[in-house]
Structures are given as C-alpha cells and as structure tokens.
Amino acid sequence: MSVLIFIDQAEGHIKKASLEAMSYGAKVAAQLGTTAEGIVLGSVTEDLAALGKYGVKKIHHVNNPALDHFDAQIFTHAIAEGVKATGADVVIFSNNVDGKAIAPRLSAQLKAGLVSGAVALPDTSNGFVVKKNVFSGKAFANIAITTPVKIIALNPNSYKVETAEGSAEVAALNVNVEAPKVKVTAVNKVTGEIPLSEAEIVVSGGRGLKGPENWGFITDLAHVLGAATACSRPVADAHWRPHHEHVGQTGLAIAPNLYIAVGISGAIQHLAGVNRSKVIVVINKDPEAPFFKAADYGIVGDAFEVMPKIIEAAKKVKG
Ligand code: FAD
C-alpha cells in the first residue's frame with residue numbers, strides 16, 4: 001500500500017486545503033504501515049521540501065508549463081500517470097473546487113472507488129471504510145471502497161493541519177502532459193481577498209441588506225476580522241455580489257470556524273452549504289427566522305442598527 005496526495009497550488013502557492021490533505025494522508029499512510037507521498041503540478045514558488053513537515057516523505061513534481069493553469073482534464077490525465085508511475089493504492093484530494101473536478105474523472109479513468117466529502121480517517125480494521133457527509137451534511141454514511149486503487153476527497157476544514165520536524169525528498173516526475181486546448185491569455189487576480197473555501201471566518205449577507213449599496217457592513221466587518229465574504233443565492237442572482245460568493249446547496253459548501261449570517265432567512269438550501277460551520281451567528285430582525293434554529297448565537301435586530309455597533313466593537317477588540 002502507498003498513499004499519494006494531490007498538493008493543489010494557485011499562483012505557485014500551496015493551498016491551505018492541501019495542508020489538511022497532507023496531514024490526513026500522512027495519518028492514512030501510518031494506519032496502513034506505509035509512507036505518504038505528494039504530487040504537485042505546474043510551477044511553484046514555495047520550497048517543496050519544506051512540505052515534509054506535514055508528513056509527506058517524497059514530493060513528485062511535474063514541472064510542466066502546460067500545468068500552470070488549472071484544466072480538469074489535463075490535470076486528471078497527469079495525476080493518473082503519476083498514480084501509475086508511483087504505484088499508489090490510495091489517492092487523496094481535498095474536496096475543494098479543483099478536487100471536485102479531478103477526483104471523479106480520475107475515478108472513472110482508473111476504475112477506482114471514490115468517496116468524496118470524507119470527514120474522518122478511514123477505518124482499515126476490516127477493509128477500507130470511509131465516513132462521509134450525506135444529505136447536505138444532515139447525516140453520515142460509511143462507504144467501503146473495494147477497488148485496488150482507492151480515492152478519497154477530504155472535505156476542507158474537517159481535518160486539523162498537523163506539523164512535525166522533517167523535510168521531503170523532491171523528485172521531478174516526467175509524465176505525458178496533453179497540450180491545453182484552451183489558451184489562457186490573462187488571469188484576473190483578486191488581490192487581498194481571502195478565498196471563501198479556505199477562510200476560518202466568513203461574514204455573509206442576504207436579501208435583508210436590501211441592496212449592494214449596503215454591502216459595506218459585510219465587507220467592513222470581514223476586513224476587521226480577517227474574514228472572507230459570502231452571500232445567499234438571491235443576492236448573487238440579483239448581481240449584488242459575484243456568484244463565486246454564493247453558498248448553499250447550489251453554491252459553495254463551506255465549513256469555517258465562524259459563520260456570521262446577516263439578513264439571511266436560513267432556508268434549507270442555504271443551510272446545506274453552511275451547516276458544517278463550527279459556530280454560527282445569526283443577525284435577523286425576524287425572531288421567527290428559521291436560521292435561529294441552526295444558530296449558536298442569535299441577535300434579533302435590524303442589521304442597519306446592529307452592524308455598525310458590531311463593527312465598532314470588533315475594531316476595539318482587534319485594536
Ligand atoms: P430572504 O428569504 O428574502 O430572507 C431575508 C431575511 O432577511 C429574512 O429572514 C428577513 O427577516 C431578514 N431581514 C430583512 N430585513 C432585515 C434587516 N433590516 N435586518 C436584519 N434582517 C433583515 N439559497 C441559497 O442561499 N443558497 C443556495 O445554494 C440555494 N440553492 C437553492 C436551490 C434550489 C433548488 C432552490 C429552490 C432554492 C435555492 N436557494 C438557495 C434559495 C433559498 O430557498 C432561499 O430563497 C434563499 O436562501 C433566501 O435568501 P435570503 O435569506 O437572502 O432572502
């Protein structure tokens with residue numbers, strides 16, 4: 001048995017979700033009595049050997065310019081080649097946007113069983129059983145993977161990043177990489193914005209904020225707290241906010257440590273994307289709003305009166 005972890009990068013920087021995947025993969029490898037290895041695609045600016053502190057012993061680096069921009073098909077093909085070259089039996093992804101695009105394709109290509117949305121280490125005492133979220137996080141299922149190659153896509157923020165002394169051996173891996181069919185001519189960089197899927201704190205707004213001109217309440221609090229911003233679907237549909245901020249059943253599913261919902265009713269489709277948050281704070285003027293049932297802390301009040309006070313208080317606390 002050997003374990004291969006896909007180490008995801010953007011603009012040359014390793015994503016936080018991959019640090020979790022490495023820590024998780026190292027534990028899976030220890031359970032199986034083997035070592036964890038990683039695969040990195042494209043150019044990176046970080047010291048790959050230093051990733052050894054997350055438990056990976058060897059990093060296979062496919063340093064090909066065709067992999068500098070994400071392309072699900074080309075990435076899948078390169079990783080499939082990497083799995084064959086390294087003889088990996090267990091392949092681990094983060095269940096982030098890239099992982100969700102690659103893992104099912106890899107599963108089909110390698111005829112390998114996949115559990116996406118894993119939330120715990122596999123039970124290897126009798127087979128290989130992985131616990132995952134089902135029904136939009138309302139229940140768990142234990143899925144046995146019986147194929148020779150097994151793929152796990154770990155939900156972001158469901159496994160703690162662990163570090164220890166150590167560095168990884170870095171080896172170039174040459175695999176056949178297809179030429180991209182789409183040429184990337186420019187990349188829009190959103191500087192200073194914290195990626196929603198990786199944020200520890202998320203401040204989110206709904207239709208209760210009345211219009212995009214009032215979004216300063218959300219962005220100001222997010223700025224003070226070092227948080228990412230999100231929104232409900234109608235807000236994105238109305239173009240008050242970009243669609244990549246929409247969370248829920250049809251949007252992004254997130255699991256921050258703190259989710260602050262302002263003027264959001266808490267419809268089941270919204271909760272499906274945020275109910276794995278560790279602490280939920282709801283601000284709504286309607287005491288009957290369904291979101292209060294899912295909240296750890298609730299403030300019944302008008303967001304237009306409450307938010308300036310919260311922002312002031314947060315500024316004082318943050319100094
Ligand atoms: P509203 O339901 O209009 O709620 C606004 C809330 O703001 C109310 O609770 C109100 O009391 C409160 N409010 C009003 N004024 C103030 C004020 N001044 N101060 C404080 N509070 C105030 N929705 C998603 O979000 N994500 C999804 O992924 C998603 N997927 C869907 C998929 C399907 C198939 C369907 C049918 C629906 C989906 N929806 C999704 C829509 C969902 O059902 C709700 O309509 C939506 O979440 C409601 O958004 P909202 O809470 O912002 O707006």
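As a basis for the values below, the full set of heavy atoms in this structure was taken, side chains included, without hydrogen atoms, waters or symmetry mates. In listed order, ligands and their atoms are each counted from 1. Everything numeric in this text was worked out from a predicted model, so none of it was measured.
- Annotation: salt bridge (Lys or Arg N to Asp or Glu O under 4.0 Å) contacts involving residues 219-245, sequence neighbours excluded, comprise R233-D237, R241-E245.
- For the residue pair Y259 / S204, a side-chain donor-acceptor distance below 3.5 Å is found, with atom types taken as modelled.
- Ring orientation note: the planes of F70 and F75 are nearly perpendicular, at an angle over 60° on the 30°/60° scale.
- Protein residues with any heavy atom under 4.0 Å from ligand 1: G206, R207, G208, K210, S232, R233, P234, H246, V247, G248, Q249, T250, G251, G263, I264, S265, A267, Q269, H270, N284, K285, D286, G301, D302, A303, F304.
- Here the side chain of Q31 pairs a donor or acceptor atom with the backbone of P122 at under 3.5 angstrom.
- Put simply, the side chain of L32 reaches to within 4.5 Å of the side chain of V90, judged on heavy atoms.
- Under the 30°/60° scheme for interplanar angles, the aromatic rings of Y24 and Y159 are found to stand perpendicular.
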